[in-house]
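Below, chain A is the first sequence line, B the second, and so on; all start at residue 1. The analysis underlying the following values was restricted to heavy atoms, covering all of them including side chains, and did not include hydrogens, waters or symmetry mates.
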Amino acid sequence: MTGPPVAGAGLEVRGLRAEYGAARVLHGVDLTVPEGEIAVLLGPNGAGRTTLLRALSGLVRARGTATLDGTRLLGRAPDEIARLGVAHVTQEGGTFGPLTVEENLRVGARARPWPRRGAGEDLDRLFGWFPVLRAQLSQPAGTLSGGEQRLLAIARALMARPRLLLMDEPMRGLAPRTAGLLFRTIHAINRDEGTTMVIVEHNVPAALEVAHRSFLMEAGRITARRVRGRW
Amino acid sequence: MFGQQLLEGLGAGAGYAALALALVLTYRFTGIVNFAQGELAMLATYVAWQLVVSGMPYWVALPVTVALAFAAGVLTERLVIRRLESGAGEVTLVVTTIGLYVLVNALATLVWTAALRAFPSPFPDSPPGLAALAAAGVAGAVLGALALVVRRTGLGLVMRAVAADARSARLSGVRVGRVLALGWGAAAAVGALSGVLLAPTLFLEPSMMTGVLVYAFAAATLGGFDSALGAVAGGLAVGVTETLAGTYLGFVGADLKIAVPLVIVVAVLLLRPQGLFGSAPVERA
Amino acid sequence: MSRHLIRAGVLAAFVVVPFYLEGFWLQAGLFAMSAAVGAIGLNLLTGATGQLSMGHAFFLAVGAYAYVYFAAEPTGSLGGLGLPTPLAAVLAVVLSGAAGGLFSPIAGRLKGAYLGIATLALIFLGQHLLFNAGPVTGGFNGRAVPPLELFGFVFSDAPELVVMDVPFGALERLWFLGGAVLLAAALFARGVLRGRPGRAMNTIRDHEIAAGVMGVPVARYRAGVFVLSSMYGGLAGVLLALVFQRTVPDYFGMLLSLDYLAMIVIGGLGSVGGAVIGAVFVSLLPQLLTRYGDALPLVAAPGSGDGVSPAEAARLLYGAAVVAVVLFLPGGLLGLLHSLRRRLPGLRLPLSANPTPSPETRS
């Protein structure tokens, strides 16, 4: 949502460093994403964008500072971070194959703090954004097409009503029409719900259309920033 | 005569099915084939025996034992398995369970000695076929209740999610550690059920479950190591096959009976590795 | 420099020991040497190549019983070929390898725990054969073992031999043979592990798919290592037979296979040194408990019914040791020695692991 930024609101990252074994991947990343904005991470493969998302969701141990609305993110287990309101849709997707579409979505609701509001109204909301899932409610998720599974993974993440949504190459491998639909949906969700988002994407033109701000990442550092309108 | 053999086979099969289900549960949750499953069941059976011999009625001792076994399973996961999970090779994982096997077996021998004992039957006055059927019925009821919990409740939903993809479950806010502990607890409880059901037919001694473990492996392999239903179906099939083969195939004497499940295992693994009900590659990626 | 000093010291101690130790300890030591040979073989298969085998005891049985059958003269109901004993020994090892070769197609197709379960079948098969093939194996009584005769020198108590005022019976003579065999076995295994085969084996263990992509003939290696491991098992079986002078079928059961797995884990997966340390630990433990069991509570004197037998107590301890090592000492006892070595830089140890002991990573 627009308005003067509240101190501490949104995502704040300072001096984030991370390594895989002996190899340092993040060399001190600084970025800020005000609450309610969509930020896009651009850059070449191997720049560390996926690692950055993983550091934020707790899959990778990192040092430095990362806070969401003032709450510390680093040093916590992934499920704890998820319950704090961070949802991460990974590159691999991560649907629960043997579970039905509906069951997949209900698992997503587990991250919500108690008391969990009725899942029913949320399902309707989600089907409004992803109508294709409504028809396949009782099918095992593993039988859906790759694109539909991607949408399911994102829908599941949204079931948690996250404050921060992290998405790693959500459009990869999607047919152009589905990809376009997905981006319009992301834009609508952000507009209606005010969810802060960080998206890693290769499709630069589409990404820049929805982004409030973008970051260029190279070799583990942020090398350029743009707030809509200016580099 | 055939009917009685069939009933006996089903009765034994129910015991194998329970242990096979225990194996499948630990495999689905933690990806480990637990060679110690039978020994944990044996330990639980000794506890049950101790309770009954000290005066507790059978039908009270049984749920108490199962509850204790559940707790033991949770403890094992917390203390041993959880410490292992990051960065251990597959051989190490299996050998750890083998270490537990040896440890638990020796522990039982230490406490109760290797003397053979008779385990009281819950239905002492019934003919063996009927007793077997009743035992199978009890097992069926318990497993059915378990299946209901898994299919219909939120807890069961979360367990199935963790079994399918633990990392995504974590990212969805599920406390995966608790679920795993629960899974091992449930496996130990089901294993205890297996031991107690089979004890009246086998003699109670520290190595009583070694043979059963082999049968349970055969059952789980036949059914598909990632299918609970397969484990149960496989267990019944193995039980019936073993009993019938022992009676009707002359050359399959007492000591060669153990070859039946082993032949099943090797045949299944060579012809259809995922078993009857399992889903494709059963190897760890 | 000090490394060579320590090696010389160990060698000197080894030569001197039979003059001073009594029969019980000599036998225990020989038993440990045979276990070490077997453990080195299992380590090549399971530690270095990642193929879990619970059937190792089978190949020990093949080696032991084949030696007896080849070397013994037929007497009464027991058959035998009466071959010269060194030839019998060699043939026994070859036969073990052949048995491994027969099983290797199955071993090649199965992975992980499934291979473990299938190799379990070998144990049961072996037990059935040992108990029932009376004319060859002597059934549950087992058979007496013909002593080894090498260039006229007999490895038994007769003819009498006195060296420096010490009577040299079978155990004293076998001591040196055992040491020589162990040394040769260890050096050969180390050579395999340090060379290209060793690296290929480790790659198969850690990244099998990558190994295939890199051009390693995975199936051939797995079959080959299985055969090699079986031959080591057979050799250990021959040694065992010579030391105990009697083969008994009960011994070659599942628990023996588990003993060997415990040895390579406790000692340190993937290295020759680890296998030897683990073998010494696991095989000497019951002997120590037997000898000094009276001083410990709970451990029964052999034959009595109270408490737990030394063998059981030993199992309890090494079962716990396996779990403890896996949780707290991933490199096994050898790893512990190495980390001690790092902390005390002046101390050089003669045992050296091969370059890549099991790194213990899950992909």
**Message:** Is A/E92 close to chain B through its backbone or its side chain, or both, or neither, when contacts mean heavy atoms under 4.5 Å?
**Reply:** side chain
**Message:** Between A/L84 and chain B, with a heavy-atom cut-off of 4.5 Å, which part of the residue counts as in contact: side chain, backbone, both or neither?
**Reply:** neither
**Request:** Find the one option among B/S172, B/G154, B/A163, B/G177 whose heavy-atom pairs under 4.5 Å with chain A are most numerous.
**Result:** B/S172
**Message:** Tell me which one of A/T67, A/L56, A/T32 satisfies side-chain contact (heavy atoms from CB on, under 4.5 Å) with A/L11.
**Reply:** A/L56
**Asked** Of the listed residues (A/T95, A/L59, A/I81), which shares the most heavy-atom pairs with chain B below a 4.5 Å separation?
**Response** A/L59
**Asked** Would you say B/T97's side chain and B/V94's backbone share a donor-acceptor pair under 3.5 angstrom?
**Response** yes
**Request:** Establish, from distance only, whether the side-chain atoms of A/E102 and A/S138 form a donor-acceptor pair under 3.5 Å.
**Result:** no
**Prompt:** Where does B/A169 contact chain A at under 4.5 Å (heavy atoms): side chain, backbone, both or neither?
**Reply:** both
**Asked** Do B/Q37 and B/Y101 have side-chain N/O donor and acceptor atoms under 3.5 Å apart?
**Response** no
**Prompt:** Quick one: what part of B/V158 sits under 4.5 Å from any heavy atom of chain A, side chain, backbone, both or neither?
**Reply:** side chain
**Request:** Among A/L42, A/V40, A/V33, find the one that has a side-chain contact (heavy atoms from CB on, under 4.5 Å) with A/F215.
**Result:** A/V33
